[in-house]
Amino acid sequence: MSLTLASIHIHPIKSLGGFTVREARLTDRGLEHDRRWMLADLAGRFLTQRELPSMACLHCAPQGDGFRVTDLRDGAHLDLPWALEQAATVRGEVWSDRVRLASSPAAWDAWFSERLGRSARLLHMPAESHRRIDGRYAEGLTSLSDGFPYLLLSQASLDELNARLATPVPMDRFRPNLVIAGGNPCQEDGWSELRIGTARFRVVKACMRCAITTTDQRTGTRSHEPLRTLAAYRARANKVPFGMYAVGDAEGVVRVGDLAVP
């Protein structure tokens with residue numbers, strides 16, 4: 001059975017809800033517009049759904065020349081540009097990486113702080129800011145992702161998991177960039193390379209799953225699933241891999257329906 005690109009997912013702000021597109025441009029640090037913004041505490045350290053599950057209630061969608069963040073709980077929204085111009089720079093932290101980022105207007109920080117019920121800053125990664133990926137796995141850049149520019153997952157992998165669950169979960173629990181249709185469950189575990197259309201990707205590391213998978217991406221409520229079930233048949237050395245990180249071409253376009261060839 002041939003494999004194809006089933007869906008493309010972009011998350012403009014790290015750990016907030018994203019959107020799907022029919023095609024996307026590749027850049028030197030991942031899909032265009034993916035995870036170029038993040039929310040941080042007042043010291044500049046990144047915030048995620050791991051600590052703040054209410055972040056799942058804030059969803060991004062294209063709007064005009066930028067994107068809109070909407071709070072699904074009450075419909076409140078904030079319109080943002082894809083990038084900031086002439087903003088003051090600050091130091092941000094993502095895991096152990098320190099990154100030079102652009103600070104947002106105080107009104108934007110205040111909006112997110114109110115939504116999250118704690119002080120937060122909205123920070124943007126400009127084109128001149130470079131964050132390198134872990135050299136033990138590959139060379140290159142990434143955005144404000146957890147560590148690599150792309151996350152791949154097969155639809156068959158989710159289908160297998162859902163067959164084991166009393167209540168199936170949607171793909172957004174796993175926040176991939178590129179979803180592959182066809183083939184066998186967890187086939188991505190064995191891939192070292194993948195060509196999607198004319199774009200080439202190198203598969204470098206398994207994605208170890210955390211509490212974000214147990215967070216409903218519309219309400220922010222948490223349960224034990226699907227991580228408990230996933231761990232029952234996927235756990236390795238007390239970690240639960242599901243999906244694979246990848247690096248890719250610095251330019252090009254991928255489109256839903258493109259052939260995917262490992």
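Trp191 and Tyr150 end up in the same hydrophobic cluster when Ile, Leu, Val, Met, Phe, Trp and Tyr side chains are linked at under 4.5 Å. Criterion: ILVMFWY side-chain heavy atoms under 4.5 Å apart, direct or through other members. Under it, Leu101 and Val94 are part of a common hydrophobic cluster. Under a hydrophobic clustering in which Ile, Leu, Val, Met, Phe, Trp and Tyr are joined whenever their side-chain heavy atoms come within less than 4.5 Å, directly or via other members, Leu42 and Met55 fall into different clusters. Using a 4.5 Å cut-off between side-chain heavy atoms of Ile, Leu, Val, Met, Phe, Trp and Tyr, with links allowed through other members, Leu78 and Trp82 fall into the same hydrophobic cluster. Linking ILVMFWY residues whenever their side-chain heavy atoms come closer than 4.5 Å, directly or via other members, leaves Val253 and Leu26 in distinct clusters.
Panel note: side chain Arg131, backbone Ser145; a donor-acceptor pair is recorded below 3.5 Å. Although no hydrogens or angles enter the test, the distance criterion places no donor-acceptor pair under 3.5 Å between the side chain of Arg200 and the main chain of Arg195. Formation of a donor-acceptor pair under 3.5 Å by the Gln187 side chain with backbone atoms of Asn184 is found in this model. The main-chain N or O of Ser157 is never found under 3.5 Å from a side-chain atom of Ser154 such that the two would form a donor-acceptor pair. Distance alone, capped at 3.5 Å, is enough to place a donor-acceptor pair between the Arg175 side chain and the Leu16 backbone. In terms of modelled atom types and a separation under 3.5 Å, the side chain of His33 and the main chain of Ala24 share no donor-acceptor contact. In terms of modelled atom types and a separation under 3.5 Å, the side chain of Thr213 and the main chain of Cys210 share a donor-acceptor contact.
For the pair Ile133 and Leu141, the minimum side-chain heavy-atom distance is 4.5 Å or more. Side-chain contact between Arg100 and Met125 is absent, with no heavy atoms from C-beta onward closer than 4.5 Å. Using a 4.5 Å cut-off on side-chain heavy atoms (C-beta onward), Ile180 and Thr4 make no contact. Looking at Ile8 and Thr20, their side chains never come closer than 4.5 Å, going by heavy atoms from C-beta outward. Contact annotation: the side chain of Val179 never approaches that of Leu5 to less than 4.5 Å [non-hydrogen atoms, C-beta and beyond]. Side-chain contact between Gln63 and Val69: absent, with no pair of heavy atoms (C-beta onward) separated by less than 4.5 Å. No side-chain heavy atom of Pro262 sits less than 4.5 Å from a side-chain heavy atom of Glu188. Using a 4.5 Å heavy-atom cutoff, the side chains of Trp108 and Leu84 are in contact.
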Problem - From CA spacing to verdict: side-chain contact (heavy atoms from CB on, under 4.5 Å), Ile13, Phe112 - result: CA-CA 12 Å; Ile13 302 179; Phe112 283 103; 4.0 Å; yes

Exercise for the section: Applying side-chain contact (heavy atoms from CB on, under 4.5 Å), run through Leu194 and Leu152 and close with a yes or a no. Expected result: CA-CA 10 Å; Leu194 183 68; Leu152 309 174; 4.0 Å; yes

Practice task
Report the C-alpha distance between Leu161 and Tyr233 in whole Å, list the side-chain angles of each, state the deciding distance to 0.1 Å, and finish with yes or no for side-chain contact (heavy atoms from CB on, under 4.5 Å).
Solution key: CA-CA 9 Å; Leu161 170 60; Tyr233 71 100; 3.4 Å; yes

Exercise for the section: Before giving the answer on side-chain hydrogen bond (donor to acceptor under 3.5 Å, both in side chains), spell out for Glu32 and Thr27 the whole-Å C-alpha distance, their side-chain angles and the decisive distance to 0.1 Å. Expected result: CA-CA 6 Å; Glu32 184 178 32; Thr27 75; over 6 Å; no

Exercise for the section: Before giving the answer on side-chain contact (heavy atoms from CB on, under 4.5 Å), spell out for Glu51 and Ser15 the whole-Å C-alpha distance, their side-chain angles and the decisive distance to 0.1 Å. Expected result: CA-CA 11 Å; Glu51 308 84 32; Ser15 224; over 6 Å; no

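Here the shortest heavy-atom pairing between Val204 and Ala138 reads CG1-CB, 3.9 Å. Heavy atoms only, all atoms of each residue included: Asp97 and Arg132 are closest at OD2-O, 4.2 Å. The two residues Asp249 and Ala199 come nearest to each other via the heavy atoms OD2-CA, 3.6 Å. Minimum heavy-atom separation, Ser54 to Leu116: OG-CD2, 3.7 Å. The shortest heavy-atom contact between Gly220 and Cys57 is N-SG, 3.8 Å. What you find for His11 and Gly17 is that their closest heavy atoms are CD2-C, 4.2 Å.
Defined by atom type and a distance below 3.5 Å, a donor-acceptor pair is missing between the side-chain atoms of Arg68 and Thr70. Using modelled atom types and a 3.5 Å distance limit, the side chains of Thr214 and Glu225 yield no donor-acceptor pair.
Across Arg173, Arg222, Arg50, a single residue satisfies side chain to side chain donor-acceptor pair (under 3.5 Å) together with Thr215, and that is Arg222.
Using a 4.0 Å cut-off between charged nitrogen and carboxylate oxygen, Asp216 and Arg218 do not count as a salt-bridge pair. A salt bridge does not link Asp159 with Arg164: none of the charged nitrogens is closer than 4.0 Å to a carboxylate oxygen. Under a 4.0 Å N-O distance rule, the pair Asp74/Arg115 qualifies as a salt bridge. For Lys14 and Asp34, the salt-bridge test fails: no basic side-chain N is under 4.0 Å from an acidic carboxylate O.
Between the OG atom of Ser103 and the CG atom of Asp109 there is a distance of 8.0 Å, given to the nearest 0.5 Å. Within the model, atoms CG of Leu58 and CG of Leu39 stand 8.0 Å from one another, a figure rounded to the nearest 0.5 Å. Going from atom CD1 of Ile212 over to atom CG of Leu227 covers 11.0 Å, rounded to the nearest 0.5 Å. In this structure, Cys207 SG and Met244 CE are separated by 9.5 Å, a value rounded to the nearest 0.5 Å. One finds the CG atom of Asp172 at 14.5 Å from the CZ atom of Phe19 (value rounded to the nearest 0.5 Å). Distance CZ/Arg36 to NE2/His124: 5.5 Å, rounded to 0.5 Å.
A distance below 6.0 Å separates the ring centres of Phe174 and Phe242. For Phe46 and Trp95, the ring centers are positioned less than 6.0 Å apart.
Cation-pi geometry between Lys205 and Tyr137 is met: under 6.0 angstrom from the ring centre, within 45 degrees of the axis.
Environment of CZ in Arg45: crowded, with over 12 heavy atoms of neighbouring residues, nucleotides or ligands closer than 6.0 Å.
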